[in-house]
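As the structure is a prediction and not an experimental result, all values here were calculated from the model. Atoms within a ligand are numbered from 1 in the order they appear, just like the ligands themselves.
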Amino acid sequence: MSKQRSNNEVKAKKFLGQHFLEDEAIAEKIVDSLKIKDYNNILEIGPGMGVLTKYLLKKPVTTYVIEIDRESIAYLKNNYLNLAPRIIEKDFLKYDLSETFKEEPFAIIGNFPYNISTQIVFKTLELRHQIPEFSGMFQKEVAQRICSKEGSKVYGILSVLTQAFYDAEYLFTVPPTVFNPPPRVESGVLRLTRKEDYSLPCNEKLFFRVVKTAFQQRRKTLRNSLKTFNLSISLKANVIFEKRPEQLSVSQFLKLTSLIENDVVNE
Ligand code: SAH
């Protein structure tokens, strides 16, 4: 794809997080990161001018794209005729995906709009029963955070919640120079593969609340940051409460939630 085409036909819109990837080899590598197992549909978020889409269309699956930008949609319709019936002209965050996929599983892929990265991940977690695999590009720090392990400085809410359901792999870094216009930051490609058993051993809402509350005050011990949970004295004596949130692995967070769930406050 030439730079000229992108400049002439679609002018990037900043508020939509538009940075068009211009390196075909990287585009193909991102698409090839999908293992394509146990599903027949793929949804690409924010296809723009279709740099990933054209490689997706070569795969033995049905490709759908969801795009909010009218100019990009017009471009896709003109250049990818077979795709036209599967272009969803909606905002990914607002669209009810069951209208397209019903109960069927689908993978997600994209060079995502970075301004809504976290929301894309949270929506994926909500729909995890239907999403066995997720690959794509984020701002590098966000991709690293999602994949990081306990003990790392960037380990946080997004890491724990994602890794409770998915194995997260940071695949490779992409420099700003291969985009038009170039973003100010480096990008990172990751892959999420849903765990074989992704059920939780504890209450899901409580788990989310525990993780979020603990990391809101990440420098404090859990004994201090989880005060609002009104825990029994005997539970608070457990050594796990002496730790800070970034020291807890995902499975320890799940265990902590079970302990809180089963706590009996004897006042
Ligand atoms: N995948 C293309 C474009 C990446 S830029 C490429 O690699 O070149 C991000 C794209 O996401 C843009 O096309 C933008 O219009 C689209 N987008 C932004 N917000 C969106 C939303 N809420 N729902 C769907 N698409 C969105």
State plainly whether one hydrophobic cluster holds both Leu16 and Ile116, where clusters connect Ile, Leu, Val, Met, Phe, Trp and Tyr through side-chain heavy atoms under 4.5 angstrom apart. no

Salt bridge present between Lys37 and Glu133 (N-O < 4.0 angstrom): no

For atom 26 (C) of ligand 1, which candidate among Ile26, Ile68, Ile73, Asn115 provides the closest heavy atom? Ile68

Between ligand 1 and Leu52, can you find any atom pair, the residue atom being a heavy atom, that is separated by under 4.0 Å? no

Subset of ligand 1 atoms that lie under 4.0 Å from at least one heavy atom of Leu16: 14 (C), 15 (O), 18 (C)

What do you reckon, are the aromatic ring centroids of Phe134 and Phe106 less than 6.0 Å apart? no

Could you tell me which atoms of ligand 1, counted from 1 in the order shown, lie closer than 4.0 angstrom to a heavy atom of Val51? 6 (C), 7 (O), 8 (O)

Counting both backbone and side chain atoms, is some N or O of Ser72 under 3.5 Å from an N or O of ligand 1? no

Checking heavy atoms under 4.0 Å, the part of His19 that sits near ligand 1 is backbone

Per-atom contacts, ligand 1 versus Phe20 - under 4.0 Å to a heavy atom: 3 (C), 8 (O)

Got an N/O contact under 3.5 Å between Ile45 and ligand 1? no

Find all atoms of ligand 1 within a distance of less than 4.0 Å from any non-hydrogen atom belonging to Asp91, and give their numbers and elements. 21 (C), 22 (N), 23 (N)

Taking N or O atoms only and a 3.5 Å limit, does Glu67 qualify as a polar contact for ligand 1? yes

So, regarding Phe92 and ligand 1 (criterion: nitrogen or oxygen to nitrogen or oxygen, under 3.5 Å), is there a contact or not? yes

May I ask whether Lys90 places a heavy atom under 4.0 Å from ligand 1? yes

So Lys54 and Glu24, salt bridge (charged side-chain N to carboxylate O under 4.0 Å, His left out) or not? Walk me through it. CA-CA 10 Å; Lys54 69 162 104 55; Glu24 294 291 331; 3.0 Å; yes

Looking at ligand 1, is there an atom of it that comes within less than 4.0 Å of some heavy atom belonging to Pro47? yes

Measure from NZ or CZ of Lys123 to the centre of the six-membered ring of Phe92, then state whether that distance is under 6.0 Å and the direction lies within 45° of the axis. yes

Cationic tip of Lys29 above Phe172 ring, under 6.0 Å, 45° of axis: yes

Using a 4.0 Å cut-off to any heavy atom of Asn111, which atoms of ligand 1 qualify? 1 (N), 4 (C), 6 (C), 7 (O), 9 (C)

For ligand 1, which atoms sit closer than 4.0 Å to a heavy atom of Asp69? 15 (O)

Which ligand 1 atoms are under 4.0 Å away from a heavy-atom of Gly17? 5 (S), 9 (C)

CA sep, side-chain torsions, deciding dist, call: Glu204, Arg128, salt bridge (charged side-chain N to carboxylate O under 4.0 Å, His left out): CA-CA 13 Å; Glu204 177 186 327; Arg128 62 188 178 272; 2.6 Å; yes

Quick one: is the NZ or CZ of Lys14 closer than 6.0 Å to the six-membered ring centre of Tyr114, and within 45° of its axis? no

Checking side-chain contact (heavy atoms from CB on, under 4.5 Å) for the pair Glu28/Leu52: CA distance, chi angles, key distance, verdict? CA-CA 7 Å; Glu28 192 168 13; Leu52 300 181; over 6 Å; no

Ring center gap for Phe101 and Tyr64 short of 6.0 angstrom: yes

Subset of ligand 1 atoms that lie under 4.0 Å from at least one heavy atom of Ile66: 24 (C), 25 (N)

Any salt bridge between Glu71 and Lys13, counting N to O under 4.0 Å? yes

